[in-house]
Student: 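Submitted below is the structure of interest, expressed as structure tokens.
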Amino acid sequence: QVQLVESGGGLVQPGGSLRLSCTASGFALDYYVIGWFRQAPGKEREAVSCIRTTDDNTYYGDSVKGRFTISRDNAKNTAYLQMNSLKPEDTAVYYCAFSYSTLSAMTSMSAPLFSDWGQGTQVTVSP
């Protein structure tokens, strides 16, 4: 079973930046997709961004395009989500997620395609 350890959440003012990290361990194959979903109170879970290890192809949800950037450090088995120009509507619990479905997970980034999840980290954007 894959273990995902997240860090980097916190409180930031609108327009500010945060960087989330997610370190994976226990995976059996080197080819996978890793990324983040988020869920705000009373709202459905939303796909944020993911990256594929085979070619570093990326996916971004429409609400974060141009503001968030996902990257990874292969040597550290860690993915990063750099979040800039943060808005109050970005406030949510952010969950790191892992998938071996390297084709379908990149096409739609649908939550059921991700088999393993982190514990979640709170991001709050407020004056």
Student: List the residues meeting disulfide (SG to SG under 2.5 Å) with Cys50, not counting sequence neighbours, and say none if there are none.
Tutor: none
Student: Looking at every heavy atom in both Pro127 and Pro14, which two are closest together, and how far apart are they?
Tutor: N-CD, 3.6 Å
Student: Please check: side-chain N/O of Ser49 versus main-chain N/O of Tyr59, any donor-acceptor pairing under 3.5 Å?
Tutor: yes
Student: For Gln39 versus Arg45, what's the shortest heavy-atom pair and its separation?
Tutor: NE2-N, 3.8 Å
Student: Quick one: side-chain hydrogen bond (donor to acceptor under 3.5 Å, both in side chains) partners of Asn77, sequence neighbours excluded?
Tutor: none
Student: Would you confirm whether Thr78, through its side chain, and Lys76, through its main-chain N or O, come within 3.5 Å as a donor-acceptor pair?
Tutor: yes
Student: Find the distance between CG (Leu113) and OG (Ser104) and round it off to the nearest 0.5 Å.
Tutor: 4.5 Å
Student: Apart from Tyr94 itself, which Ile, Leu, Val, Met, Phe, Trp or Tyr residues share its cluster (side-chain heavy atoms under 4.5 Å, direct or through members)?
Tutor: Val2, Leu4, Val12, Leu18, Leu20, Phe27, Leu29, Tyr32, Ile34, Trp36, Val48, Ile51, Tyr60, Val64, Phe68, Ile70, Leu81, Met83, Leu86, Phe98, Tyr100, Val123, Val125
Student: Minimum heavy-atom separation for Met106 to Thr58, with atom names?
Tutor: CE-C, 3.6 Å
Student: How far apart are the closest heavy atoms of Gly120 and Glu6, and which atoms are they?
Tutor: N-OE2, 2.9 Å
Student: With a 4.5 Å heavy-atom cut-off, do Ser126 and Leu11 have their side chains touching?
Tutor: yes
Student: How close do Gln1 and Gln3 get, heavy atom to heavy atom, and via which atoms?
Tutor: O-NE2, 2.6 Å
Student: Any donor-acceptor pair under 3.5 Å linking the side chain of Glu46 with the backbone of Glu44?
Tutor: no
Student: Asp90: what forms a salt bridge (Lys or Arg N to Asp or Glu O under 4.0 Å) with it, not counting sequence neighbours?
Tutor: Arg38, Arg67
Student: Listing request: all disulfide (SG to SG under 2.5 Å) pairs with a residue in residues 73-127, at least two apart in sequence or in separate chains.
Tutor: Cys22-Cys96
Student: Distance-only, no hydrogens or angles: does the Thr121 side chain make a donor-acceptor pair with backbone N or O of Gly8 under 3.5 Å?
Tutor: no
Student: Please list all pairs meeting ring pair (Phe, Tyr, Trp, His ring centres under 6.0 Å) that have one or both residues in residues 102-127, counting only residues at least two apart or in different chains.
Tutor: Phe37-Phe114, Phe37-Trp117
Student: To check you understand the geometry: which heavy-atom pair defines the closest contact between Gly118 and Tyr95, and what is its length?
Tutor: O-CD2, 3.8 Å
Student: About how many Å separate OG of Ser21 and CD of Gln82, when rounded to the nearest 0.5 Å?
Tutor: 9.5 Å
Student: Ignoring hydrogens and geometry, is there a side-chain-to-backbone donor-acceptor pair from Arg52 to Thr102 under 3.5 Å?
Tutor: yes
